There are 2 protein chains.
Amino acid sequence: METTAEATGTDTDVCVAPPEGELRRPDGRDNYTISEVVAFTGLSAHTLRWYERIGLMPHIDRSHTGQRRYNNGDLDWLGLVGKLRLTGMPVADMVRYAEMVRAGDHTYRERFELLEATRRDVRERIAELQDTLAVLDRKIAFYGDAGRALASERA
Amino acid sequence: METTAEATGTDTDVCVAPPEGELRRPDGRDNYTISEVVAFTGLSAHTLRWYERIGLMPHIDRSHTGQRRYNNGDLDWLGLVGKLRLTGMPVADMVRYAEMVRAGDHTYRERFELLEATRRDVRERIAELQDTLAVLDRKIAFYGDAGRALASERA
DNA sequence: GGCTTGCCTGGAGCGCACTCCAAGGTTTTA
DNA sequence: TAAAACCTTGGAGTGCGCTCCAGGCAAGCC
């Protein structure tokens with residue numbers, strides 16, 4: 001028996017923030033076709049199937065004819081995957097994480113460490129980007145001045 | 001005649017911050033072999049040649065036997081390229097920018113706009129990452145609690 | 001002279017993350 | 001009930017950013 005929000009996705013939201021970009025997920029449902037998930041996540045159906053093939057997804061329910069039926073927990077998981085993707089984390093690492101989740105409670109420590117390492121990476125990346133922002137600001141200021149200088153030369 | 005820091009790379013540093021990571025560039029020199037540039041930038045020689053082939057670099061001087069001789073302006077440019085690379089800007093866009101620089105002063109406005117668009121992207125990306133950071137913080141807190149709970153169960 | 005080291009070239013190859021295809025079954029709409 | 005829309009699969013293809021290879025030239029050293 002699974003005991004974590006990770007596994008069930010139905011606990012109070014300790015897991016992943018509700019989506020913000022794509023399409024708001026309706027409350028009171030727990031069963032979505034692949035095209036609905038496409039609408040919610042912005043991922044393609046191809047990508048969703050591919051995620052499943054490579055082991056990035058938990059087991060996805062099927063209808064009696066074999067079509068995928070995603071639940072809210074699956075959507076939560078895809079939300080996390082989406083966030084991690086933004087950090088540039090390789091898909092292979094996410095698969096490792098997914099495997100740990102499937103493996104059960106004894107992987108808590110490992111998961112914790114992977115998340116902490118990821119957090120360090122994200123912080124570093126933010127710092128890099130802020131650095132880059134400073135460079136851009138200086139360059140843009142320079143271009144602004146040069147533009148004005150050119151304009152007054154012409155005048 | 002070129003009139004910009006972009007083109008000469010020798011003006012006071014309106015262009016790119018001095019490097020920080022790899023290897024400090026010695027002052028008083030203006031002539032480097034490809035392997036020195038490798039040491040300064042962390043890029044591979046392959047990549048440096050490839051950048052040149054695709055039009056991402058300005059004209060690079062050659063020794064009398066045809067070997068590349070990079071100058072400080074080239075290194076400044078590579079510094080900017082490195083920063084832009086961190087933002088996820090496609091190499092093709094950087095090539096467009098490089099082409100504008102080579103095309104001359106009449107592309108100022110366009111370059112300015114490209115830089116501003118890039119800055120917007122970077123700001124957005126920072127916001128995304130901070131969002132992701134919040135998710136990671138919550139998840140890590142959750143794992144911390146769960147870890148403690150598990151530990152006390154076992155005790 | 002021979003050996004090593006560093007550089008040159010065009011072009012092929014690689015890893016990643018999708019993305020699409022062909023051929024077929026299912027569900028919904030008119 | 002027939003057409004249109006949607007879903008399934010395994011496997012092939014794509015685009016990006018390198019990365020490497022083969023074959024060769026040039027300079028320094030014993």
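All values reported here derive from a predicted model rather than from experimental measurement. Just so it is clear: chains get the letters A, B, ... in the order the sequence lines come, proteins before strands, and each one is counted from 1.
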Would you say B:Tyr97 and B:Asp93 make side-chain contact, with heavy atoms under 4.5 Å?
no
In whole angstroms, the gap separating P of C:dA17 from CG of A:Asp93 amounts to 9 Å
May I ask you to test the A:Trp50-A:Leu56 pair for a side-chain heavy-atom distance under 4.5 Å?
no
Can you list, by residue number, the residues of residues 49-59 of chain B that have a non-hydrogen atom closer than 4.0 angstrom to DNA chain D?
B:Trp50, B:Tyr51
For the pair made of CD in B:Gln67 and P in C:dC7, what is the distance, rounded to whole Å?
6 Å
Residues which pass ring-ring contact (aromatic ring centres under 6.0 Å, His included) with B:Tyr51, listed by chain and number, not counting sequence neighbours:
none
Ignoring backbone atoms, establish whether A:Thr33 has a side-chain N or O less than 4.0 Å from OP1 or OP2 of D:dC6.
no
Side-chain N or O of A:Arg68 closer than 4.0 Å to phosphate OP1/OP2 of D:dC7:
no
Would you call B:Glu113 and B:Arg109 a salt bridge, taking side-chain N to carboxylate O under 4.0 Å as the test?
yes
Under-4.0 Å salt bridge between A:Glu128 and B:Arg85:
no
Take the protein atom CG of B:Asn31 and the nucleotide atom P of C:dC7, then report the distance between them rounded to whole Å.
13 Å
Expressed in angstrom and rounded to an integer, what is the separation of A:Glu36 atom CD from D:dA5 atom C1'?
14 Å
A:His46 atom NE2 is separated from D:dG10 atom P, nearest whole Å, by 15 Å
Looking at every strand, decide which applies to B:Arg85 at a 4.0 Å heavy-atom threshold: base, sugar-phosphate, or nothing.
sugar-phosphate
With B:Glu52 via salt bridge (Lys or Arg N to Asp or Glu O under 4.0 Å) - residues at least two apart
B:Arg62, B:Arg68
Provide, to the nearest angstrom, the distance between the CG atom belonging to A:Asp61 and the P atom belonging to D:dT8.
13 Å
For B:Leu43 and D:dC20, what is the distance between atoms CG and P respectively, to the nearest whole Å?
14 Å
Result for 5'-nearest mapping on DNA chain D, choosing between A:Gly66 and B:Val91, is A:Gly66
Is the phosphate of D:dA27 approached by B:His64 (side-chain N or O, under 4.0 Å from OP1 or OP2)?
yes
Quick one: label A:Ser63 by what it contacts on the DNA or RNA (base, sugar-phosphate, nothing), any heavy atom closer than 4.0 Å.
nothing
Closest listed nucleotide, where the reference is the side chain of B:Thr65 and the choices are D:dC18, C:dT26, D:dA26
D:dA26
With a non-hydrogen cut-off below 4.0 angstrom, is A:Arg62 in contact with a base, only sugar-phosphate, or nothing?
sugar-phosphate
Taking atom P of C:dT19 as reference, at what distance in whole Å does atom CD1 of A:Ile34 sit?
14 Å
Using a 4.0 Å heavy-atom cut-off, does B:Ser44 contact any base of the nucleic acid, only the sugar-phosphate backbone, or nothing at all?
nothing
Output yes when B:Arg69 and B:Asp74 qualify as a salt bridge under the 4.0 Å nitrogen-oxygen rule, no when they do not.
no
